[in-house]
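A quick write-up on the structure given underneath.
A quick note: this is a predicted structure, and the numbers were derived from the prediction, not measured.
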Amino acid sequence: MSETPAVPAPPPPPYPAPVCEHVSRGSISGTVPPPGRRVVAAPRALIAEDDPVSRTLLDHTLRGWGYDVVVTRDGNEAWAALLAEDAPNLAILDWMMPGLEGPEVCRRVRALAQPIPTYVILLTARGQSDDIVAGLESGADDYVTKPFDRQELRSRIRVGERVLALQRGLADRVRDLEAVLGQVKELKGLLPICSYCKAVRDDQNYWHRVETYITAHSAARFSHGICPGCWKGVVEPELASIEAST
């Protein structure tokens with residue numbers, strides 16, 4: 001009796017390759033660059049401080065919080081930076097500086113026509129209520145007394161960020177409304193219209209069919225039909241005349 005030959009075991013299935021979105025078998029290295037990521041620009045802030053120690057401390061503190069900081073050393077430099085097209089929307093100004101003082105910079109900033117007003121925090125050693133009132137009346141949005149507490153400054157900057165976010169949203173909404181209103185056309189005034197054919201005369205003394213004129217001067221569009229009166233008075237007699245002639 002012959003023995004049945006042994007059937008060889010099937011080869012093990014290949015080990016599945018790891019799934020990776022950045023592997024390319026067609027490249028020399030076997031990899032491709034990772035997909036690009038959307039880069040979010042860091043928020044920008046301006047500081048104006050003539051004291052080098054306070055200026056350095058403010059600069060390092062804000063950079064540690066992720067801000068792109070524009071550093072100025074007096075009121076004149078701060079005012080010039082706030083006039084730039086890419087001026088930061090957040091400014092921390094020392095009260096007493098060479099050149100323009102902080103309150104004067106505030107007054108000038110408030111006189112600018114800005115779609116999103118600059119949020120200004122005054123940094124001052126004056127803690128009396130009269131001084132605080134004078135600073136706020138000059139146009140400052142908030143104040144911090146020196147030497148400043150980091151947590152207090154961070155909280156007040158967060159308030160400024162929320163205010164600026166609301167102002168940006170409002171400015172976007174206003175732009176959208178202006179764009180919509182710019183597309184709206186409205187008919188006004190006295191329209192010269194022919195008493196026979198009902199054509200309308202425009203400002204250049206040209207006559208147009210009424211639907212052409214209204215379409216050009218409003219958002220209305222026309223679809224033509226036949227009213228019951230015209231059907232009885234015009235269409236039916238014409239159809240009867242055609243039938244009689246045939």
Donor-acceptor check, side chain of [X] to backbone of [Y], threshold 3.5 angstrom: yes or no?
| X | Y | answer |
| --- | --- | --- |
| Asp94 | Ala48 | no |
| Thr215 | Thr212 | no |
| Arg110 | Ala140 | no |
| Arg44 | Asp86 | yes |
| Glu104 | Leu100 | no |
| Arg55 | Glu49 | yes |
| Arg63 | Val69 | yes |
| Ser241 | Pro237 | no |

Distance in Å, [X] [atom1] paired with [Y] [atom2], rounded so as to fall on 0.5 Å steps:
| X | Y | atom1 | atom2 | result |
| --- | --- | --- | --- | --- |
| Asp142 | Ile157 | CG | CD1 | 10.0 Å |
| Thr145 | Trp95 | OG1 | CH2 | 12.5 Å |
| Leu93 | Leu46 | CG | CG | 6.5 Å |

Verify same cluster id: Met97, Ile121 (apolar side-chain graph, 4.5 Å)
no

Looking at [X], I want to see if its [atom1] is surrounded by more than 12 non-hydrogen atoms of other residues, nucleotides or ligands under 6.0 Å.
| X | atom1 | result |
| --- | --- | --- |
| Trp207 | CH2 | yes |
| Arg107 | CZ | yes |
| Lys146 | NZ | yes |

For Ala45 and Leu62, the nearest pair of non-hydrogen atoms, with its separation, is CB-CD2, 3.7 Å

Shortest non-hydrogen pair, Ala87 vs Leu82, comes out as CB-O, 3.5 Å

Can you check whether Gln167 reaches Leu170 side chain to side chain, under 4.5 Å on heavy atoms?
no

Relative to Tyr143, does Arg156 satisfy both conditions: NZ or CZ under 6.0 angstrom from the six-membered ring centre, and within 45 degrees of the ring's axis?
yes

Given the options Asp50, Thr56, Asp51, Ser54 meets side-chain hydrogen bond (donor to acceptor under 3.5 Å, both in side chains) only with Asp51

